Amino acid sequence: IAGKIKGNLENELLQKLVDAPVADSFKVLDVDYKEAEAILNKNNISITDSSESIHDISRKNQKDPEEIIELIYNKNDY
């Protein structure tokens, strides 16, 4: 049961991160907005403004939200 609770919490946190405005999500990921924007642009993913969510960006760019988070979170790899 404990593993299930942990998994549910992880999924809930991830969902909140994906649904929040990117200005907030990027802070949680410890990356500057302009830096994240540059990383995403380099990977052909566009951001319209900081009020968009990662979910909005993923739909608009036909990418998986987790792919976007990985690009930003692993910023030194890209």
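Bear in mind the structure is a predicted one, so any value in this text is a computation, not a measurement. Heavy atoms only: backbone and side chains are in, while hydrogens, waters and symmetry mates are out.
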Fill in: Least distance between heavy atoms, I54 atom then P65 atom
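Distance-wise, the nearest heavy atoms are CG2-O, 3.9 Å.
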
Fill in: Partners meeting side-chain contact (heavy atoms from CB on, under 4.5 Å) with N44 (sequence neighbours left out)
none

Fill in: Listed partners of L29 passing side-chain contact (heavy atoms from CB on, under 4.5 Å), at least two apart
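With neighbours one apart ignored, the set is L17, V31, I69, I72, Y73.
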
Fill in: Pairs satisfying side chain to side chain donor-acceptor pair (under 3.5 Å), at least one member in residues 15-32, at least two apart
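For residues 15-32, and leaving out neighbouring residues, the side chain to side chain donor-acceptor pair (under 3.5 Å) pairs sorted by first residue read Q15-D19.
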
Fill in: From I47 atom CD1 to L40 atom CG, the distance as rounded to the nearest 0.5 Å
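Output value for this atom pair is 4.5 Å.
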
Worksheet item: About how many Å separate CG of L71 and CD1 of I45, when rounded to the nearest 0.5 Å?
Response: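 Answer rounded to 0.5 Å: 5.0 Å.
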
Fill in: Test item: S46 and N61 side chains (from C-beta on) under 4.5 Å apart, heavy atoms
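Of all side-chain heavy-atom pairs linking N61 with S46, at least one is under 4.5 Å.
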
Worksheet entry | 4.5 Å side-chain heavy-atom contact, L14 and E66 | yes

Worksheet item: salt bridge (Lys or Arg N to Asp or Glu O under 4.0 Å): which pairs involve residues 52-63, sequence neighbours left out?
Response: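 As it turns out, the salt bridge (Lys or Arg N to Asp or Glu O under 4.0 Å) pairs with a partner in residues 52-63, which skip direct neighbours, are E52-K60, D56-R59.
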
Worksheet item: Can you list every pair that meets ring pair (Phe, Tyr, Trp, His ring centres under 6.0 Å) and has a residue in residues 32-64, with sequence neighbours left out?
Response: F26-Y33

Practice prompt. Could you pull out all residues at least two apart from D49 that satisfy side chain to side chain donor-acceptor pair (under 3.5 Å)?
Written response: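 D49: side chain to side chain donor-acceptor pair (under 3.5 Å) contacts with S51.
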
